[in-house]
Structures are given as C-alpha cells and as structure tokens.
Engineer: 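Got a structure here, written out as structure tokens. Questions coming.
Here is how names work: the chains are called A, B, and so on, in the same order as the sequence lines, proteins then strands, and each is numbered from 1.
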Amino acid sequence: MDERVRVRYAPSPTGDPHVGNIRTALFDWLFARHTGGDFILRIEDTDAARATDGALKSIMESLRWLGLDWDEGPDVGGAYGPYVQSERLELYREKAKDLVDRGYAYYCYCSSERLKEMRQEQARRKQPPGYDRLCRDKGYGYSEDPPPVVRFKMPLDGETEFHDLIRGDVTFANATVDDFVILKSDGYPTYHLASIVDDHLMEISHVLRAEEWLPSAPRHVHLYNALGFEKPHFAHLPIILGPDRSKLSKRHGDVSVLQYRDMGYLPEAMFNFLALLGWSLDDHTEIISRDDLVHHFSIDRIVKSGAIFNLEKLTWMNGMYIRNLSEGDLVGRIVQTLDDSLSSEVPRPISEDYVGAITPLVQERLKTMTDVPALMDFFFIEELDYPTDDLIQKGMDRAETTLALESALERVSGLESWSTESLEGELRPLAEELSVKTGQLFGAIRVAVTGRKAAPPLFETMAVLGRDKSLHRLRKSVHSLRES
RNA sequence: GGCGCAUUCGUCUAGCGGCCAAGGACACCGCCCUCUCAAGGCGGAGACCACGGGUUCAAAUCCCGUAUGCGCCA
C-alpha cells in the first residue's frame with residue numbers, strides 16, 4: 001500500500017510514562033520519520049477514574065526530552081483534532097448508536113451484581129470468564145433507568161485472522177471472544193471503540209502498539225468491519241520486562257523516563273539504548289546516531305520476544321555518550337549540574353572557564369551526570385574533610401608520610417610556573433630521593449589535595465586547582481598529621 | 001481456567017537451510033598501559049541454539065508435539 005504513513009502514540013494520562021511506553025513511542029516516531037510520515041500524539045483519557053493531573057505534561061516532557069517531536073497533538077493541533085478523547089465523546093456515542101441500529105451491537109442492562117455472580121460461577125466451574133450474552137438477542141431499546149452499556153456482537157463461531165507485521169498471520173477462534181463493552185453506562189467509550197474510531201478518523205495507517213494488545217486485536221478487526229472502516233496495518237511490539245521477566249511496571253522501581261533524566265542519563269544515550277531494545281541494525285552496531293537510526297529503522301528488524309531492561313548496559317552506553325560529547329557541550333551540562341547540586345556555600349555563578357579546565361580531567365570518568373559532584377566537588381569546596389589516616393599510604397607510616405608531604409610542599413612552593421609539567425618535574429624525582437614509590441608519594445599528595453583516594457591525574461589536578469589552594473591543602477595535611 | 005505470543009551465552013542481540021564445532025555488546029575474570037580511579041588495548045570464561053519428533057544430502061534456521069515463561073480476559 002502506498003498510502004501516507006501516519007502513526008500515533010496514544011497513552012493514557014495516568015502518570016509519568018515509563019521506559020516501556022516510551023519505547024513504543026520511539027518506534028512509532030522512528031517509523032514515521034523513516035518513512036517521511038506523520039507522528040501523532042493522542043491522549044486516551046476516557047478512563048476518568050485513572051486519569052492523573054499533570055500526566056499530560058509529563059508525557060509531553062518525556063517525549064520532548066528524547067527529542068520525539070509530534071506533528072499533531074493536543075498542544076499543536078492538526079487537521080484531525082481534537083486529540084484528546086474526552087473531547088470527542090459525541091463521536092463515539094454516535095458510532096455506538098449506529099452499531100446498535102444496524103444490528104452489530106446491543107444494549108445490555110445486566111447489573112454489575114449479576115455480572116459478578118456470573119463470573120464467580122464461571123470461575124467455580126473453571127470456565128473462561130466472559131459475558132453470557134443474556135441481553136444479546138432481546139432487542140432492548142434504550143432506556144435511562146438504569147442506563148445500559150453497549151456491547152458488540154461477536155460472531156459465535158468461525159475464526160478471525162489478521163496479519164501482524166512482526167508476528168505474521170495470527171488466528172483467534174471467535175467463540176473465545178465474548179461480547180465486549182464498547183460504550184460504558186456513563187456514556188464513555190471503552191478503549192476498543194475509542195481507539196478504532198479515532199484511528200480511522202485520524203487516518204492512522206499503522207498501529208504500532210505493545211504486545212499486550214494482541215489478544216484484543218480480533219475485537220478490533222470486527223469493529224473495523226462492522227463500522228465499514230478500512231483496517232490499518234498492525235504491529236505488536238515486544239514488551240519491556242523487569243529483572244523478574246514480568247512486564248515492566250512501577251513496582252520494578254525506577255522506570256519512568258523522567259527519573260532516568262534526573263539520574264543523569266543523557267537523552268541521546270537513552271534514545272540509542274531504547275532503540276536497541278527490541279531492534280537491531282546488524283550483528284555489531286551498538287552506538288548509533290539518531291539520524292542513522294531514522295535512516296535504517298525498519299519494522300521487520302524488530303524482535304518478537306520481550307526484553308529485560310538492562311540498566312548496566314544503559315550506564316555503559318551513557319558513559320560512551322559522555323565521552324563522545326564535545327568539550328564545550330559537556331562543559332555546559334556540567335555547569336548546569338554543578339549549579340543544581342553544589343552546596344549554597346559555593347559562590348555562584350559557577351565559572352565556565354574553571355569548569356572548562358576541569359572537564360578534560362573528568363570526561364572519561366563520568367558514567368552519568370549525577371557523578372559530577374562526587375568527581376569534582378573538591379575543586380569548588382574550600383575546606384576538605386577527610387580522615388587523616390587516608391594520607392598514609394600502604395607501606396608507609398605516619399612519620400614518613402609527614403616527611404614526604406613536607407618535602408613535597410617545600411619543593412613545590414618554590415616553583416616559578418605552576419603547571420602540570422613543572423609539578424611533575426619536581427615531584428617525580430622527589431619520590432626517588434625519599435626512596436618511596438611514586439604511587440606512595442603521589443597517593444599521599446592526592447589525598448591531601450583532593451581529599452580522595454581516587455581522583456583525576458594528580459599533576460593536572462593540581463595545575464587546575466591552582467597554587468594557592470594546592471599549597472594550602474598540603475600545609476593543612478601536614479598539620480593534621482602532626483596534631484593527631 | 002481459556003486464548004494468544006514467545007523460547008540463541010547471566011542480560012541485549014546477530015543468525016531468515018549449507019559461510020555456525022553459533023558472531024557482537026554489557027556485565028564478569030586475567031594481562032598490558034599507568035601516580036590512584038577511569039578510559040583504552042589484548043585475551044578468557046560463558047549458549048549441547050528449551051525438549052522430543054519429523055522434513056532434507058544438510059536445520060539454530062522449515063513442520064508437528066511437549067515444556068516453560070510472559071501477556072490478555074475478572
């Protein structure tokens with residue numbers, strides 16, 4: 001078919017989208033951009049009980065963060081609006097009534113008590129749950145009290161077959177599908193009716209959605225037919241799993257996209273990672289740009305089975321992306337992170353030049369942006385706080401350490417130029433003179449100057465830190481060794 | 001319980017009948033580099049391709065069953 005590709009991401013506004021939802025959006029978006037089609041955002045808020053305030057905002061924020069722009073949607077409008085289902089209720093009611101009038105659906109007045117009893121009975125007899133079709137052939141008209149639901153008449157026998165772009169031909173026996181509700185007694189449509197009506201009206205060409213919708217696909221096929229709508233292409237995407245192999249959900253902990261943003265992951269990395277969760281280009285590509293992804297994306301390379309969200313790999317990938325960032329780009333992000341995370345005692349604004357000097361020292365050490373303060377706060381803090389014993393290196397005692405640090409202090413304070421080279425030129429020979437290993441001497445100085453046992457390369461660090469701070473910290477370390 | 005989908009290293013995956021005594025990546029282990037930590041380089045361990053039958057000269061790849069997992073239906 002050579003129709004225009006139009007795909008939609010249609011979340012319910014029930015909270016922050018989690019990575020599974022957003023991966024679906026990502027595939028939709030990739031497919032739209034690859035084909036030059038349209039990506040539409042539609043809000044399915046007909047389940048009023050579950051709708052959450054602010055959810056729409058966080059949906060859009062999540063999409064924007066990943067750079068998934070939409071061509072039509074609640075905020076930007078479009079020729080097929082409105083894009084919020086609660087503003088389209090009349091449309092669904094009309095269609096429901098039309099289906100009743102034409103004999104494809106019927107009013108059902110069964111009370112919830114009766115339905116509950118029916119289900120209990122079915123459970124007791126180990127029968128599959130489902131409506132028993134009591135009202136099906138009664139020909140009830142509409143009456144207000146009590147308000148009825150509208151149920152769709154599924155064929156009682158035969159099979160429904162449809163083609164799935166990922167799974168091939170899928171077949172269901174009609175007898176296993178009950179007469180499902182399409183319009184609730186409060187006049188709100190169910191997902192089934194609303195999504196089919198909207199997908200048709202919005203001229204959606206491909207429905208890419210999570211695999212959990214596969215069992216309801218035969219219902220949709222019959223709805224399309226009864227309504228006289230042409231069916232879109234279906235592709236049921238594999239589900240994202242938690243570590244226990246069940247469908248990823250809130251109980252798995254950190255699952256919302258926005259949380260990953262707050263945990264210091266780069267949108268580029270998340271984009272890349274999510275694209276490779278259920279899709280691959282070939283047998284070796286791991287790091288792939290957004291443009292290449294758009295260029296190469298195809299539905300037939302989507303995998304069939306669910307995938308566990310592997311945080312360790314995401315973290316590795318994030319580190320790769322941080323390392324590949326241009327220095328200027330990284331500096332900007334680090335300044336922002338520091339501004340957000342450093343104690344208020346550190347004067348603002350954070351100097352971009354200073355951060356620019358530090359950045360090369362930490363770039364290859366960052367895995368996430370939340371590592372930033374831990375890796376470089378000693379550049380900003382005035383007084384370091386560390387256990388004095390940390391100064392004493394393996395194989396040395398207190399006296400030797402004190403002597404070593406004093407000697408280092410002395411050597412270095414006379415330096416004309418304070419640079420990586422001059423510092424190394426003084427300190428490396430010193431180790432030999434003191435007959436200690438360079439690792440021991442440098443280790444002691446490192447702790448004195450940074451307060452940490454692990455830090456960026458020592459001489460670079462001291463050079464950037466500057467003469468005053470470095471000398472002050474060395475002096476302080478000697479004092480604390482003497483005092484305790 | 002019924003129906004559906006899935007099943008290749010711990011994890012993500014390549015593989016669409018012979019190139020596979022199964023390739024890549026993360027994680028793990030070792031070595032190298034090295035002032036620590038990283039990064040990087042090299043190497044290692046890790047999958048009898050869920051199991052059992054077929055089809056074929058030839059199957060991880062096709063077909064059928066079974067098992068397991070997951071999903072949906074309340």
Engineer: Does OP1 or OP2 of G40(B) have a side-chain N or O of R323(A) closer than 4.0 Å?
Structural biologist: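 True: R323(A) side-chain N/O within range (under 4.0 Å) of G40(B) OP1/OP2.
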
Engineer: Distance check, C1' atoms only: G4(B) and C49(B), in whole angstrom units.
Structural biologist: 24 Å

Engineer: Reckon L458(A) touches a base, only the sugar-phosphate, or nothing at all at heavy-atom distances under 4.0 Å?
Structural biologist: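 Base contact.
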
Engineer: Would you indicate what A455(A) reaches in the nucleic acid, counting non-hydrogen atoms under 4.0 angstrom: base, sugar-phosphate, or nothing?
Structural biologist: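 Base: the residue A455(A), judged by heavy atoms under 4.0 Å, touches a nucleobase.
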
Engineer: Using whole Å, what does the distance between atom P of nucleotide C72(B) and atom CZ of F234(A) come to?
Structural biologist: 18 Å

Engineer: Both distances under 3.5 Å, Watson-Crick or G-U wobble: report the partner of C73(B), or none.
Structural biologist: G1(B)

Engineer: Under a 3.5 Å limit for both distances, which nucleotide forms a Watson-Crick or G-U wobble pair with G30(B), could you say?
Structural biologist: C42(B)

Engineer: By nearest nucleotide on RNA chain B, pick out whichever of E424(A) and G306(A) is the more 5' one.
Structural biologist: G306(A)

Engineer: Base, sugar-phosphate or nothing for R124(A)? Non-hydrogen atoms, less than 4.0 Å.
Structural biologist: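 No contact at all - R124(A) keeps every heavy atom at 4.0 Å or more from the nucleic acid.
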
Engineer: Please give the distance between the C1' atoms of U13(B) and C51(B) as a whole number of Å.
Structural biologist: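 Comparing C1' positions in U13(B) and C51(B) gives a spacing of 23 Å.
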
Engineer: In whole Å, measure the gap between the P atoms of C5(B) and C28(B) for me.
Structural biologist: 39 Å

Engineer: Measure from the ring center of F152(A) to the ring center of Y106(A) and say whether it is less than 6.0 Å.
Structural biologist: no

Engineer: Name the orientation class of the two ring planes belonging to H236(A) and F234(A) (parallel below 30°, tilted from 30 to 60°, perpendicular beyond 60°).
Structural biologist: parallel

Engineer: NA contact type, V170(A), heavy-atom cut-off 4.0 Å: base, sugar-phosphate, or nothing?
Structural biologist: sugar-phosphate

Engineer: Using atom P of each nucleotide, how far apart are U66(B) and G1(B) to the nearest Å?
Structural biologist: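 The answer is 15 Å between these two P atoms.
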
Engineer: Does OP1 or OP2 of G15(B) have a side-chain N or O of R301(A) closer than 4.0 Å?
Structural biologist: yes

Engineer: Classify K367(A) by what it touches in the nucleic acid, base, sugar-phosphate, or nothing, heavy-atom distance under 4.0 Å.
Structural biologist: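 Sugar-phosphate only.
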
Engineer: With a 4.0 Å cut-off on heavy atoms, is P457(A) in touch with a base, just the backbone sugar-phosphate, or nothing at all?
Structural biologist: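 Here P457(A) touches the bases of the nucleic acid.
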
Engineer: Within the structure shown, what part of the strands sits under 4.0 Å from P456(A) by heavy-atom distance: base, sugar-phosphate, or nothing?
Structural biologist: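 Counting heavy atoms under 4.0 Å across all strands, the contact made by P456(A) includes a base.
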
Engineer: State which of C37(B), A74(B), U11(B) makes the closest approach to the side chain of R365(A).
Structural biologist: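 The nucleotide sitting nearest to the side chain is C37(B).
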
Engineer: If you compare every side-chain N and O of R245(A) against the phosphate oxygens of C12(B) (OP1, OP2), does one of them come in below 4.0 Å?
Structural biologist: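 Checking C12(B) against R245(A), a side-chain N or O does come within under 4.0 Å of OP1 or OP2.
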
Engineer: Look through every strand shown and name the nucleotide pairing with A67(B) as Watson-Crick or G-U wobble, where both distances are under 3.5 Å.
Structural biologist: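 Here A67(B) is engaged in a pair, and the nucleotide opposite it is U7(B).
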
Engineer: Determine the contact category for G278(A): base if any of its heavy atoms lies under 4.0 Å from a base atom, sugar-phosphate if only primed atoms, P, OP1 or OP2 are that close, otherwise nothing.
Structural biologist: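 Sugar-phosphate: the residue G278(A), judged by heavy atoms under 4.0 Å, touches backbone atoms but no base.
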
Engineer: For the pair D371(A) and R365(A), find out whether any cationic side-chain nitrogen is under 4.0 Å from an anionic carboxylate oxygen.
Structural biologist: no

Engineer: With hydrogens left out and only the distance checked, is there a donor-acceptor pair under 3.5 Å joining K304(A)'s side chain and the base of A6(B)?
Structural biologist: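 No, the side chain and the base share no sub-3.5 Å donor-acceptor pair.
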
Engineer: Does E286(A) reach a base, just sugar-phosphate, or nothing at all? Heavy atoms under 4.0 Å.
Structural biologist: base

Engineer: Counting only Watson-Crick pairs (N1-N3 plus N6-O4 or O6-N4) and G-U wobbles (N1-O2, O6-N3), all under 3.5 Å, who is the partner of C49(B)?
Structural biologist: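 Matched C49(B) with nothing under the 3.5 Å cut-off.
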
Engineer: Expressed as a whole number of angstroms, how long is the span from M118(A):CE to A74(B):P?
Structural biologist: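 For the pair M118(A) CE and A74(B) P, the rounded distance is 10 Å.
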
Engineer: Pick the P atom in C70(B) and in U8(B), then give their distance to the nearest Å.
Structural biologist: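 Here C70(B) and U8(B) have their P atoms 15 Å from each other.
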
Engineer: For A22(B) versus U61(B), give the span between their P atoms, rounded off to a whole number of Å.
Structural biologist: 16 Å

Engineer: For a quick check of understanding: with a heavy-atom distance under 4.0 Å over all strands, which category does D282(A) fall into, base, sugar-phosphate or nothing?
Structural biologist: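 Sugar-phosphate only.
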
Engineer: With rounding to the closest Å, how many angstrom separate the C1' atoms on G44(B) and C37(B)?
Structural biologist: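 That atom pair is separated by 24 Å.
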
Engineer: In whole angstrom, give the distance that lies between atom CE of M376(A) and atom C1' of A38(B).
Structural biologist: 15 Å

Engineer: Starting at atom NE2 of H192(A), determine the distance to atom C1' of C73(B), rounded to an integer number of angstrom.
Structural biologist: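 Rounded to the whole Å, the gap is 9 Å.
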
Engineer: Not counting sequence neighbours, list each pair that qualifies as a side chain to side chain donor-acceptor pair (under 3.5 Å) and has a residue in residues 430-449 of chain A.
Structural biologist: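 Qualifying pairs: R411(A)-E433(A).
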
Engineer: So T171(A), base contact, sugar-phosphate only, or nothing? Heavy-atom distance under 4.0 Å.
Structural biologist: sugar-phosphate

Engineer: Quick one: which of C35(B), A74(B), U13(B) gets closest to the side chain of A307(A)?
Structural biologist: U13(B)

Engineer: Applying the Watson-Crick and G-U wobble criteria at under 3.5 Å, what pairs with C57(B)? Answer none if nothing qualifies.
Structural biologist: G18(B)

Engineer: Determine whether the side chains of D16(A) and Q259(A) contain a donor N or O and an acceptor N or O closer than 3.5 Å.
Structural biologist: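 No donor-acceptor contact under 3.5 Å links the two side chains.
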
Engineer: Where the side chain of N310(A) is concerned, which of C26(B), G71(B), C73(B) is the nearest nucleotide?
Structural biologist: C26(B)

Engineer: Atom OH of Y191(A) to atom P of C73(B): distance rounded to whole Å?
Structural biologist: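 Taking OH of Y191(A) and P of C73(B), I get 12 Å after rounding.
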
Engineer: Do the ring planes of F229(A) and Y224(A) sit parallel (below 30°), tilted (30 to 60°) or perpendicular (above 60°)?
Structural biologist: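 Geometry flag for Y224(A) against F229(A): perpendicular rings.
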
Engineer: Rounded to whole Å, please give me the gap between CD in Q122(A) and P in A74(B).
Structural biologist: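 Those two atoms, CD and P, are 11 Å apart.
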
Engineer: Using a distance-only criterion (donor-acceptor N/O pair, under 3.5 Å, no hydrogens), is the base of C5(B) paired with the side chain of R167(A)?
Structural biologist: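 When only heavy-atom distances are counted, R167(A) does not reach the base of C5(B) through any donor-acceptor pair under 3.5 Å.
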
Engineer: Say we look at G43(B) and A25(B): how far apart would their P atoms be, to the nearest angstrom?
Structural biologist: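 That atom pair is separated by 11 Å.
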
Engineer: Would you please indicate yes or no on a ring centroid separation below 6.0 angstrom for Y321(A) and Y265(A)?
Structural biologist: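 Judged by ring-centre distance (under 6.0 Å), Y265(A) and Y321(A) do not meet the cut-off.
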
Engineer: For K476(A), does the NZ atom sit with more than 12 other heavy atoms under 6.0 Å from it, leaving out its own atoms?
Structural biologist: yes

Engineer: Nearest whole angstrom, please: distance from the P of C9(B) to the CG of D283(A).
Structural biologist: 17 Å

Engineer: Whole-Å distance between C37(B) C1' and L375(A) CG?
Structural biologist: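 So the two atoms are 8 Å apart, to the nearest Å.
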
Engineer: Hey, does the side chain of T176(A) come within less than 4.0 Å of G2(B)'s phosphate (OP1/OP2), counting only N and O?
Structural biologist: no

Engineer: Closest nucleotide of RNA chain B for G443(A) versus for D169(A): which of these residues is on the 5' side?
Structural biologist: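 With G443(A) and D169(A) compared, the 5'-side residue is D169(A).
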
Engineer: Which is true for V177(A) with a 4.0 Å heavy-atom rule: it touches a base, it touches only sugar-phosphate, or it touches nothing?
Structural biologist: nothing

Engineer: Is the H192(A) to H220(A) ring centre distance short of 6.0 Å?
Structural biologist: yes

Engineer: Out of C73(B), G71(B), C35(B), which has the shortest distance to the side chain of S246(A)?
Structural biologist: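 Between C73(B), G71(B), C35(B), the one nearest the side chain of S246(A) would be G71(B).
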
